[in-house]
Structures are given as structure tokens and as C-alpha cells.
S.K.: 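Have a look at this one.
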Amino acid sequence: MSNYTPKKVLITGGAGFIGCNFVRYLLKTDPDIEVLVLDLLTYAGNEENLEELKDSKRFTFVKGDIRDPEIVDSVMKKVDTVAHFAAESHVDRSILSAQDFISTNIYGTYVLLQSALKHKIKRFINISTDEVYGSIPEGEADETFPLKPSSPYSASKAGQDQMAYSHSVTFNLPVITTRSTNNFGPYQYPEKMIPLFITRALENKPLPVYGDGLQIRDWTYVEDNCEAIFHVLLEGKIGEIYNIGSGNQLTNLVLTKKILNALGKPETLITYVEDRKGHDRRYSVSCKKVKKLGWNPRHSFEESLQQTIAWYQTHQNWWGKIIQKQESYQEFFSTYYKTKV
Ligand code: NAD
Ligand code: DAU
């Protein structure tokens, strides 16, 4: 028996990468759950990510901003549970300008939390990141580790976490926070490293490796993260934080070579470019707490990387439209990478 049974779940940011995978996961896993997505459809949100779910009676999509209390109230009153994924999520964009990161990630979360209180929400899952701990030169950060965010993105996520925590302490809102490591898998917007490198390699374009390429990330397959989040929703303790990771720690260079190798492309596509400002060298979290709840990652890294590469190979139409037609993608790319690739 689970500790909690969600019936109708508001998924903010459900048209983005992890959100749309979580929507599918929930609908597939629990036939009694209904899902309501609230998403602004920013450059990173894409209705096509939810296309085949449109006719499901258990699925509703609302276009709207989490910073708008009226629209938030209108959806909040229809649900008992919130899984809050909506965010500005790309570190490099936060280096160019952090305004939207602060307003969506901190203020938008505040609007959701206040509305959740008003509508007596039974569980509010706050989706955060391992980046709030900052760079971890050695060992691993558990959930009590001090927050030391290095980028405007991770600083805004730390602000979001503290706002969520404050609502659980001050108002007894039943909040649980998850902090996951880097995700990869289908529907990831092609500005993040894995999809950027796969799509560029497919087009025989140089792969811009920042600095010496020896930075370390722990890569989690998106379905494993979805399972972990669902597990935390059912079994997690109110007011607690759960790290989620897979122990797949690789340097960017090793990962880049794996991608090139899988695609049969030459390593000469690797192009070393100027390092990201404030670039965290290594992320590493302890996942003992979530494992105690009974969750473990189920997917092998090598197999899921192959599946992800295959997905981008067969969904050229999906990413081609973004790369060729989306102004926001092109503008970011030419501004951020102008002097680099
Ligand atoms: P994403 O950028 O792919 O998607 C974000 C979604 O939020 C988009 O659909 C966008 O339209 C929506 N959105 C943005 N601003 C909004 C607003 N003001 N109102 C309503 N909707 C808005 O992000 P992702 O990679 O799927 O990440 C989802 C969450 O998981 C984020 O909170 C992120 O911080 C966190 N996270 C991501 C990773 C990762 O590796 N991708 C790892 C750890 C944590
Ligand atoms: O750790 C969790 C975080 O993972 C999430 O909170 C973020 O939302 C998500 O974007 C991701 O952040 P990273 O900065 O780690 O991911 P990104 O894919 O941007 O970069 C991964 C690594 O690859 C990082 O060390 C920077 C490097 N990189 C990235 C890009 C885009 C390159 O070397 N070249 C590139 O062009």
C-alpha cells in the first residue's frame, strides 16, 4: 500500500522535455490518474511533444503562465496533486540573461505554492536539480549539503527550493522536493549537450566541447527520473528532499566520443571552444535516501544512450523544425556560440 494515492495531477511544464515524458509515464502507469498540463509553450515547450495524447479523456492541456495567479487558480481548483516541472532550464541562456529565470523559477513557483495552499493541494512535488549544490570536487552531496549554486540558473532553482521549503514549514503545505542529475532521452530540446551533439553530428557539424571537456556529469535516463518522481510522490515523506541520480559519471569528452562512435562519425568533429563562464567541474549526489524508499534506476546507460540516439535519428522532423525554423533557437545559437563554432 502506498502512502498516497493521487487522482488528478497538475503537471506544470508538461510540454517540455521531462514534463512530457512524465505525462506519458503517469498515463501509462496508473489507469486511474487524470493529468492536466499547464504550460506557457516558451521556446522549450512544444505541443507536438504531447500530440498522441490529445484525444485521451484523462488528459487536458491548458496554455498559460505559472506567473499568472488567475490562470493558476483556475487549474489548481481542479486537481489534488501538483508536479511542478515548468522552468527556464538552460544554464547558458541564464548566463546571457537571468530575468526569465528569476521570474519563472522563483516568482512562478511562489504563485503556484500560494494557489496550492488556497486549494488545499494534498501533494506538491517541487522538481529541482543537483546543480543547487554547486560543483562537488570529490565525494557526493547528500540532501543536507549546503546550497552553493554557481550559475544564475542554479541560483534561481535554489531560490525556488527555499520558497517551496518555506511553504511547507510556515503553512504546512505538503511539499516534497526532488533534485535530479542530468537527464537525457527523447524530446530533449536540442540546445542541451546530448541532443545538441547528436543532431550536429548527424549534420556533420562541429561539436563545441567547452574548455578541456573533462567536466563530469551523472547522466540519468529520463524514464528512470520519471519513475523516481512517481515513487517519491507515492512514498516520499512530506517536507523532505530526495536526490535522484544513476551513478553514470562520465566526462563530457568520453560522452562525446561515445556519441560520435555510435553514429559512425569521426572524432575530428570535436571542437574545443571557450569554457562556459562559472562552469561547474563535477556534479555528484548521494541517492541513499530515495533508494531507501525502494527506487533504483532500471535502465543501463549504454542501452538508453543508443535508444536516445536512435530516437533523434528517426525524429529528424521534430528537431529539424526547431533548428531550421525557430527564431529563439537561431538567435540563441548565433549570440552564444558566435565566437566559438
Ligand atoms: P525544458 O526547458 O525542456 O521544459 C520547460 C517547460 O516549462 C517548457 O515546456 C516551457 O514551455 C515551460 N515553461 C517555462 N516557463 C513557463 C512559465 N512561466 N509558465 C508555464 N510554463 C513554462 O525543461 P526540462 O529539461 O524538461 O526540465 C524540467 C524541470 O526539471 C525543470 O524544473 C528543471 O530545472 C528540472 N531539471 C532538469 C534536468 C535536465 O537534465 N533536463 C535535470 C534536473 C532538473
Ligand atoms: O544537473 C542537472 C542539470 O543538467 C539541469 O538542472 C539543467 O536544467 C540541465 O540543463 C543540465 O545542466 P548542464 O549544464 O549540466 O547541461 P548541459 O546539457 O547544458 O551541459 C552538459 C555538460 O556539457 C556541461 O558540462 C556543459 C557541457 N557542454 C554543453 C553544451 C551545451 C559543452 O561542452 N558544450 C555544449 O555546447
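Order of listing sets the numbers, starting from 1, for every ligand and every atom in it. FYI, the numbering just counts along the sequence from 1.
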S.K.: Would you please name every residue forming a side chain to side chain donor-acceptor pair (under 3.5 Å) with T177, sequence neighbours left out?
M.R.: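 Here the qualifying residues are N126.
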S.K.: Which option out of N225, V62, T129, T181 puts a heavy atom nearest to atom 42 (C) of ligand 1?
M.R.: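 Result: the heavy atom closest to atom 42 (C) of ligand 1 is in T181.
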S.K.: Can you sort out which atoms of ligand 1 are near K157, meaning under 4.0 Å from one of its heavy atoms?
M.R.: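 So the atoms of ligand 1 that pass are 31 (C), 32 (O), 33 (C), 34 (O).
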S.K.: Distance to 0.1 Å, residue and atom name: give those for the protein heavy atom nearest to atom 2 (O) of ligand 1.
M.R.: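 Looking at atom 2 (O) of ligand 1, the protein heavy atom closest to it is S89 OG, 2.7 Å.
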S.K.: Starting from atom 8 (O) of ligand 2, which protein heavy atom do you reach first, and at what distance in Å?
M.R.: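 The answer is S89 O, 2.8 Å.
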S.K.: Identify, for atom 34 (N) of ligand 2, the protein heavy atom at the shortest distance, and state residue, atom and that distance.
M.R.: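 In this structure, atom 34 (N) of ligand 2 has P208 O, 2.7 Å as its nearest protein heavy atom.
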S.K.: Please state which protein non-hydrogen atom is closest to atom 38 (C) of ligand 1 and give its distance, to 0.1 Å?
M.R.: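 I find the closest protein heavy atom is I18 CD1, 3.7 Å.
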S.K.: Do R93 and Y43 form a cation-pi contact, if we require the NZ or CZ to be under 6.0 Å from the six-membered ring centre and within 45 degrees of the ring's axis?
M.R.: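 The answer is yes; both the distance and angle limits are met.
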S.K.: Starting from atom 19 (O) of ligand 2, locate the nearest protein heavy atom and write down its residue, its atom name and how far away it is, to 0.1 Å.
M.R.: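 Here the nearest protein heavy atom works out to R276 NH2, 2.9 Å.
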S.K.: Verify whether the ring centers belonging to H167 and F124 lie closer than 6.0 Å.
M.R.: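 No - the distance between ring centres of H167 and F124 does not fall below the 6.0 Å cut-off.
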S.K.: Considering only non-hydrogen protein atoms, determine which one is nearest to atom 21 (N) of ligand 1 and report residue, atom name and distance to 0.1 Å.
M.R.: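 Sorting protein heavy atoms by distance from atom 21 (N) of ligand 1 puts L40 N, 3.1 Å first.
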S.K.: Name the closest protein heavy atom to atom 35 (C) of ligand 1, giving the residue it belongs to and the distance to 0.1 Å.
M.R.: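 Atom 35 (C) of ligand 1 sits closest to the protein heavy atom I127 CG2, 4.0 Å.
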S.K.: Closest non-hydrogen protein atom to atom 16 (O) of ligand 2, residue and atom name please, with distance?
M.R.: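 Going atom by atom, the protein heavy atom closest to atom 16 (O) of ligand 2 ends up being N182 ND2, 3.4 Å.
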S.K.: Applying side chain to side chain donor-acceptor pair (under 3.5 Å), name anything that partners T144, two or more places apart in sequence or on another chain.
M.R.: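 For T144, the residues satisfying side chain to side chain donor-acceptor pair (under 3.5 Å) (neighbours in sequence not counted) are D142.
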S.K.: In terms of relative ring orientation, are Y107 and Y110 parallel, tilted or perpendicular, with 30° and 60° separating the classes?
M.R.: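 Y107 and Y110: tilted rings.
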S.K.: Below 3.5 angstrom, do we get any N/O pair linking D280 and ligand 2?
M.R.: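 No, there is no polar N/O contact under 3.5 Å.
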S.K.: Do the ring centers of F184 and Y221 come within less than 6.0 Å of each other?
M.R.: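 Ring centres of Y221 and F184 closer than 6.0 Å.
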S.K.: Hydrophobic clusters here meaning ILVMFWY residues chained together by side-chain heavy-atom distances under 4.5 Å, can you tell me if I11 and V222 are in one?
M.R.: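 Yes: a chain of side-chain contacts under 4.5 Å links I11 to V222.
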S.K.: Does even one non-hydrogen atom of C20 get within less than 4.0 Å of ligand 1?
M.R.: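 False for this residue.
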S.K.: Does ligand 2 come near enough to E191 that some N or O of the ligand is less than 3.5 Å from an N or O of the residue?
M.R.: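 The answer is no, given that E191 and ligand 2 share no N or O pair closer than 3.5 Å.
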S.K.: Among all protein heavy atoms in this structure, tell me which lies nearest to atom 26 (C) of ligand 2, with the distance rounded to 0.1 Å.
M.R.: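 Nearest protein contact, heavy atoms only, for atom 26 (C) of ligand 2 is H279 NE2, 3.4 Å.
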S.K.: Return the closest protein heavy atom for atom 34 (O) of ligand 1 as residue, atom name and distance.
M.R.: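 That would be Y153 OH, 2.7 Å.
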S.K.: Measuring centre to centre across the rings, with the benzene-like ring taken for any Trp, is W311 within less than 6.0 Å of Y187?
M.R.: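 Between W311 and Y187, the centre distance is under 6.0 Å.
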S.K.: Find all atoms of ligand 1 within a distance of less than 4.0 Å from any non-hydrogen atom belonging to L41, and give their numbers and elements.
M.R.: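 Those atoms are 11 (O).
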S.K.: Are any of the N or O atoms of E131 closer than 3.5 Å to those of ligand 2?
M.R.: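 Right, the criterion is met.
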S.K.: Of the protein's non-hydrogen atoms, which lies at the shortest distance from atom 28 (C) of ligand 1, and what is that distance?
M.R.: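 I find the closest protein heavy atom is F85 O, 3.4 Å.
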S.K.: Is any N or O atom of Y283, backbone or side chain, closer than 3.5 Å to an N or O atom of ligand 2?
M.R.: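 No, no N or O pair falls under 3.5 Å.
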S.K.: Say whether F197, considering both its backbone and side-chain N or O atoms, lies within less than 3.5 Å of an N or O atom on ligand 2.
M.R.: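 F197 vs ligand 2: no N/O contact under 3.5 Å.
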S.K.: List every atom of ligand 2 that sits less than 4.0 Å from any heavy atom of V209, numbering the atoms from 1 in the order shown and giving each element.
M.R.: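 With V209 as reference, the close atoms of ligand 2 come out as 33 (O).
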S.K.: Can you list the atoms of ligand 1 that are under 4.0 Å from a heavy atom of S128?
M.R.: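 So the answer, numbered in order with elements, is 43 (C), 44 (C).
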S.K.: What do we get for N183 next to ligand 2 when only non-hydrogen atoms under 4.0 Å count, side chain, backbone, both or neither?
M.R.: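 Neither; nothing of N183 gets under 4.0 Å from ligand 2.
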S.K.: Any idea which atoms of ligand 1 are less than 4.0 Å away from a heavy-atom of R67?
M.R.: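 Near R67, meaning under 4.0 Å from one of its heavy atoms, ligand 1 has 18 (N).
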S.K.: Any side-chain heavy atom of F85 sitting closer than 4.5 Å to one from F17?
M.R.: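 No - every pair of side-chain heavy atoms lies 4.5 Å or more apart.
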S.K.: Closest non-hydrogen protein atom to atom 19 (N) of ligand 1, residue and atom name please, with distance?
M.R.: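 Checking every protein heavy atom, the shortest distance to atom 19 (N) of ligand 1 gives I66 N, 3.0 Å.
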S.K.: Does the pair K28/E223 count as a salt bridge with the N-to-O cut at 4.0 Å?
M.R.: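 Yes, charged N to carboxylate O under 4.0 Å.
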S.K.: Looking at non-hydrogen atoms alone, which of D39, I71, T104, D65 comes nearest to atom 11 (O) of ligand 1?
M.R.: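 The nearest heavy atom belongs to D39.
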S.K.: Find all atoms of ligand 1 within a distance of less than 4.0 Å from any non-hydrogen atom belonging to G64, and give their numbers and elements.
M.R.: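 Once the distances to G64 are compared, the set is 19 (N), 20 (C).
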S.K.: Given G14, G108, A87, which has its nearest heavy atom closest to atom 7 (O) of ligand 1?
M.R.: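 Ranked by closest heavy atom to atom 7 (O) of ligand 1, first place is A87.
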S.K.: Within 45° of the six-membered ring axis of Y4 and under 6.0 Å from that ring's centre, is NZ or CZ of R123 located there?
M.R.: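 Pair R123/Y4 counts as cation-pi.
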S.K.: Please determine if K258 and E302 form a salt bridge, counting it only when a charged side-chain N lies under 4.0 Å from a carboxylate O.
M.R.: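 Answer for the salt bridge query: yes.
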S.K.: Looking only at protein heavy atoms, identify the closest one to atom 10 (C) of ligand 1 and say how far it is in Å.
M.R.: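 In this structure, atom 10 (C) of ligand 1 has T42 OG1, 3.2 Å as its nearest protein heavy atom.
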S.K.: Looking at R179 and E131, does any basic side-chain N land under 4.0 Å from a carboxylate oxygen?
M.R.: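 No, no charged N to carboxylate O under 4.0 Å.
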S.K.: Just which atoms of ligand 2 are under 4.0 Å from any heavy atom in D130?
M.R.: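 Listed by number with element: 1 (O), 2 (C).
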S.K.: Under 3.5 Å between any N/O of D92 and any N/O of ligand 2: does that happen in this structure?
M.R.: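 No.
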S.K.: Hey, are D212 and R281 close enough for a salt bridge, meaning a charged N less than 4.0 Å from a carboxylate O?
M.R.: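 Counted as a salt bridge, because a side-chain N and a carboxylate O are separated by less than 4.0 Å.
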